[in-house]
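Numbers here simply count residues along the sequence, with the first being 1. All values derive from a computational prediction rather than experimental measurement.
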Amino acid sequence: MSKPPSTGYTETKYPIVLTHGLYGFDSLLGVDYWHKVPETLRQDGAEVFLTTVSNSNSPEIRGEQLIPQVEKILAMTGAEKVNLIGHSHGGPTTRYVASVRPDLIASVTTIAGVNRGTPVADTLTEWSNNSSAFEGLLATFGNLLAKVIDGISGGGHPQDIIASMRSMTTADTIEFNKKHGAGIPTTECGEGAYVENGIRYYSWSGVQPVTNILDPLDLLTGTTQNFFPDGVANDGLVGRCSSHLGMVIRDDFKMNHLDEVNMLLGIHHLTETDPLTVFRTHANRLKQAGL
């Protein structure tokens with residue numbers, strides 16, 4: 001059966017490059033991190049590329065790993081720049097690349113980006129600081145999991161869960177944002193600059209940690225939401241206001257942290273916005289912006 005013709009709806013000027021977050025991968029034992037996202041965007045004209053960086057490390061190290069992949073994509077496609085989209089810890093990672101290599105980047109979009117830290121990292125880091133035994137356990141088992149994911153998915157990158165966790169604390173993101181702060185809001189829960197240094201900045205996120213009882217990963221976000229103070233809207237891992245960067249598309253989707261990239265296997269809230277629709281609409285937004 002032949003494929004339907006492309007409508008051009010998602011046909012951006014520059015390639016779209018997807019960058020995963022903590023414990024991320026491209027494909028793992030048949031499970032795709034960006035479930036059907038590349039296929040959906042390509043169907044209507046977009047060039048889409050997946051990248052793999054250390055699933056557990058600092059955004060600086062992850063960003064330095066991302067730069068040569070972006071350069072390779074530019075060489076392959078002949079494009080002048082790319083549109084970076086980063087999920088979770090992929091947010092600071094893509095922002096770092098835009099900061100140090102703005103010549104390569106047309107836009108940065110963060111999806112539930114850890115742009116101002118998360119209480120999950122704050123709490124785990126506090127426990128580590130107060131207990132060398134806990135820190136040892138976190139480092140041992142956290143790095144073991146990271147290496148297993150990296151090995152199975154064929155990444156071949158160095159892993160450091162402690163560096164990754166500390167980089168997502170409120171304190172460390174404040175310091176990171178002093179160096180790489182383009183698009184970061186100047187108010188507690190506002191929008192940031194839409195354009196800085198010729199690069200457009202966008203963001204979106206969800207606020208419902210549990211969305212579908214059929215999704216086993218809802219157990220994770222349903223548990224980690226308890227790290228947040230009462231009244232702080234979050235997707236289970238990142239707070240609503242912490243996710244803000246540049247133009248805030250929406251910060252109240254009925255999605256949890258994994259639904260936002262259509263994981264696991266596209267299981268999400270049955271009656272709310274389909275994550276794939278959000279990606280399609282955003283690709284068209286980039287297209288309309290000449291990106």
Side-chain angles (χ1 to χ4, degrees), residues 19-24 56-63 66 84-100 107-129 161-197 199-209 221 224-253 255-258 260-261:
T19 303
H20 63 74
L22 176 67
Y23 287 138
S56 299
N57 222 312
S58 70
E60 293 89 347
I61 288 177
R62 286 161 50 93
L66 180 57
L84 288 178
I85 297 181
H87 173 241
S88 190
H89 206 205
T93 302
T94 53
R95 289 173 44 218
Y96 171 84
V97 174
S99 176
V100 302
S107 72
V108 170
T109 302
T110 65
I111 305 169
V114 195
N115 295 321
R116 283 180 158 175
T118 169
V120 179
D122 289 341
T123 302
L124 292 178
T125 297
E126 181 181 358
W127 291 351
S128 294
N129 292 339
I161 186 59
I162 299 300
S164 179
M165 195 64 60
R166 292 187 186 281
S167 75
M168 291 186 281
T169 62
T170 302
D172 276 32
T173 55
I174 288 174
E175 294 305 309
F176 180 84
N177 291 342
K178 289 178 181 178
K179 300 175 182 177
H180 314 290
I184 292 294
T186 56
T187 58
E188 182 178 354
C189 202
E191 292 186 298
Y194 286 12
V195 182
E196 287 202 41
N197 202 17
I199 300 172
R200 289 184 178 268
Y201 289 87
Y202 305 90
S203 61
W204 76 75
S205 59
V207 290
Q208 189 160 331
T221 51
T224 52
Q225 68 174 319
N226 295 308
F227 285 91
F228 288 81
D230 291 342
V232 176
N234 66 88
D235 65 1
L237 286 168
V238 176
R240 178 175 68 89
C241 297
S242 179
S243 73
H244 286 194
L245 182 78
M247 177 188 291
V248 179
I249 307 306
R250 267 187 68 177
D251 61 1
D252 62 350
F253 284 112
M255 302 177 190
N256 63 39
H257 197 68
L258 302 171
E260 291 152 351
V261 291

Please check if the side chain of [X] supplies one atom and the backbone of [Y] the other of a donor-acceptor pair under 3.5 Å.
| X | Y | value |
| --- | --- | --- |
| Glu191 | Val248 | yes |
| Ser56 | Ile161 | no |
| Ser58 | Ala163 | no |
| Ser88 | Leu22 | no |
| Thr94 | Gly90 | yes |

Exercise. Is it true that Asp251 and Arg240 have a side-chain N and a carboxylate O under 4.0 angstrom from each other?
Worked result: yes
For the [atom1] atom of [X] and the [atom2] atom of [Y], what is their distance to the nearest 0.5 Å?
| X | Y | atom1 | atom2 | value |
| --- | --- | --- | --- | --- |
| Met255 | Thr221 | CE | OG1 | 13.5 Å |
| Leu84 | Thr110 | CG | OG1 | 11.5 Å |
| Asp172 | Ser164 | CG | OG | 11.0 Å |
| Glu260 | Ile111 | CD | CD1 | 7.5 Å |
| Met247 | Thr109 | CE | OG1 | 10.0 Å |
| Thr173 | Phe176 | OG1 | CZ | 9.5 Å |

Of all the heavy-atom pairs spanning [X] and [Y], show the shortest one and how long it is.
| X | Y | answer |
| --- | --- | --- |
| Thr169 | Ala121 | CG2-O, 3.7 Å |
| Thr93 | Leu66 | CG2-CD2, 4.2 Å |
| Gly117 | Ser242 | O-OG, 2.7 Å |
| Asp235 | Gly206 | CB-O, 3.3 Å |

Exercise. Quick one: do the Asp122 and Thr170 side chains pair a donor with an acceptor below 3.5 Å?
Worked result: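 Yes, because at least one side-chain N or O of Asp122 sits under 3.5 Å from a partner of the opposite role on Thr170.
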Problem set entry | Parallel, tilted or perpendicular: rings of His257 and His87 (30°, 60°) |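 Aromatic pair His87/His257 classed tilted.
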Which atom pairs, donor and acceptor, lie under 3.5 Å between side-chain atoms of residues 227-234 and protein residues at least two apart or in another chain?
unit_1	atom_1	unit_2	atom_2	d
Asn234	OD1	Gly236	N	2.8
Asn234	ND2	Val232	O	2.9

Test item: [X] and [Y] side chains (from C-beta on) under 4.5 Å apart, heavy atoms:
| X | Y | answer |
| --- | --- | --- |
| Gln208 | Asn256 | no |
| His244 | Thr187 | no |
| Glu196 | Tyr201 | yes |
| Tyr202 | Ile85 | no |
| Pro59 | Ser167 | yes |

Problem set entry | Partner residues of Asp252 under the side chain to side chain donor-acceptor pair (under 3.5 Å) criterion, sequence neighbours left out |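 Asp252 satisfies side chain to side chain donor-acceptor pair (under 3.5 Å) with Arg250 once adjacent residues are dropped.
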Problem set entry | With sequence neighbours excluded, residues passing side chain to side chain contact (heavy atoms under 4.5 Å, CB included) with Ile184 |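 Partners of Ile184 by the side chain to side chain contact (heavy atoms under 4.5 Å, CB included) criterion, ordered by chain and then number, come out as Arg95, Asn115, Arg116, Asn177, Leu245.
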